[in-house]
> 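After the structure tokens below, expect a handful of questions from me.
Bear in mind the structure is a predicted one, so any value in this text is a computation, not a measurement. Just so you know, ligand 1 is whichever comes first in the structure, and atom 1 is the first atom listed for that ligand.
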Amino acid sequence: MSNTQPHLYTFPGKAELAENLRQYILKAETAALARHDTFRLAVSGGSLPVILAEALLGDSPASQFGKWDIFFADERAVPLDHADSNYYLLKEEFLNKIPTELGTPSVHPIAEKHANQDDDPKQLADLYQADLKRTFTGEGSDTLPAFDLILLGCGPDGHTCSLFPGHGLLNEKTAWVAAISDSPKPPPKRITLTLPVVAAAAQIAFVATGGGKKEIMRDIFDSEDGRGLPSALVNQAAGDKVSWFTDSPATEGVAYSRG
Ligand SMILES: O=C1O[C@H](COP(=O)(O)O)[C@@H](O)[C@H](O)[C@H]1O
């Protein structure tokens, strides 16, 4: 358990949030490129890809996208062109909009051959973990992968990645990528990075917006141990490596100190 505190930033609206997220990501990118000439990140689905595009592809976009290596924080077991696919969402909302002169990220989708709701998602998780191990080779196969940045969403129930409240996967200690067959949010079969992998990242950012999140934000930040919610467990495990980018409606009534 970390003894340092996560940062909570609240902005009046999405435009200010996007600008601050842009600065944060560019700083993480610069640090990563100085460390190993590549920017290894994991991204979520849900509301995140739209805000990512707003942050990075607005006026004067400046990232070195050719040096980005993008994994998925979680993914649904569906074909890559399915409306429920996080890959599809990222492609439509973000990747396809990157100007070609800024370079093309390397993207790591799930193995489409096994991506359907009829199969056991374990094989999908194992293949994705193998992909991660190839990327993070040289850091020791037993060492957890240290993403430069993980960009997360937080559901109105406090889930993050595909780690849901009260689910046994929250206790996973050894796997890097785990399968879930009973996600309470459809579709039920998915894969997800595990909590130890999320906590091992150099930096972790949550983006949570809208009044539909305010009750869960109060639980995460103002309740005893964040009620053990998955997003609160990330806060506890990673401390001040975690930054929350929120808007005023999402944090209305949250007492936790900002900054
Ligand atoms: O199912 C999922 O939901 C979470 C949260 O989504 P949001 O729309 O509330 O931001 C998302 O982070 C995750 O990647 C996705 O699979």
Side-chain angles (χ1 to χ4, degrees), residues 8-11 14 17-18 21 25 41-55 70-80 82-95 107-110 115-117 121 124-125 128 147 149-167 169-170 177-195 197-199 201 204-220 226 229-235 238 242-247 249-251:
L8 174 61
Y9 304 111
T10 298
F11 304 99
K14 284 195 183 154
L17 188 162
L21 184 63
I25 294 174
L41 67 165
V43 299
S44 300
S47 53
L48 190 85
V50 170
I51 191 97
L52 195 57
E54 200 176 330
I70 304 180
F71 285 84
F72 290 86
D74 72 315
E75 182 57 288
R76 292 91 177 271
V78 292
L80 300 180
H82 192 284
D84 284 338
S85 160
N86 284 343
Y87 169 80
Y88 179 75
L89 187 66
L90 188 75
K91 188 160 79 74
E92 292 297 302
E93 298 295 346
F94 178 64
L95 298 171
V107 183
H108 299 256
I110 52 171
N116 64 75
Q117 289 289 305
L124 210 50
Y128 208 64
F147 281 101
L149 175 63
I150 300 189
L151 293 168
L152 296 174
C154 170
D157 58 352
H159 85 269
T160 190
C161 301
S162 281
L163 299 166
F164 289 89
H167 198 280
L169 271 190
L170 297 175
V177 181
I180 171 168
S181 293
D182 56 356
S183 161
K185 178 178 174 181
K189 293 186 179 175
R190 298 160 168 237
I191 64 163
T192 181
L193 296 183
T194 57
L195 268 179
V197 170
V198 174
I204 301 142
F206 281 90
V207 178
T209 59
K213 304 263 164 96
K214 71 180 177 200
E215 271 144 30
I216 206 70
M217 290 295 290
R218 289 179 203 159
D219 285 343
I220 292 166
L229 292 163
S231 299
L233 294 176
V234 174
N235 279 352
V242 184
S243 297
W244 284 76
F245 292 82
T246 66
D247 63 3
T251 50

> Can you work out which protein residues put a heavy atom within less than 4.0 Å of ligand 1?
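Lining ligand 1: Ser44, Gly45, Gly46, Ser47, Asp74, Arg76, Asn86, Gly153, Cys154, Gly155, His159, Cys161, Lys185, Arg190, Lys213.
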
> Give a yes or no answer on whether the side chain of Glu93 reaches the backbone of Val50 with a donor-acceptor pair at less than 3.5 Å.
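A pair under 3.5 Å: no.
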
> Please determine, by modelled atom types, if Thr251 and Thr10 share a side-chain donor-acceptor pair under 3.5 angstrom.
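Yes - a donor-acceptor pair under 3.5 Å links their side chains.
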
> Can you find a heavy atom in the side chain of Leu169 that is under 4.5 Å from one in the side chain of Thr194?
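Heavy-atom side-chain distance check fails, nothing below 4.5 Å.
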
> Can you sort out the partners of Phe245 under ring pair (Phe, Tyr, Trp, His ring centres under 6.0 Å), two or more places apart, ordered by chain and number?
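Expected list: Tyr9, Tyr24.
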
> Contact between Asp182 and His167 at the side-chain level, heavy atoms closer than 4.5 Å - yes or no?
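Of all side-chain heavy-atom pairs linking His167 with Asp182, at least one is under 4.5 Å.
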
> Are side-chain heavy atoms of Tyr87 and Val107 found at a separation under 4.5 Å?
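The answer is yes; the side chains approach within 4.5 Å.
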
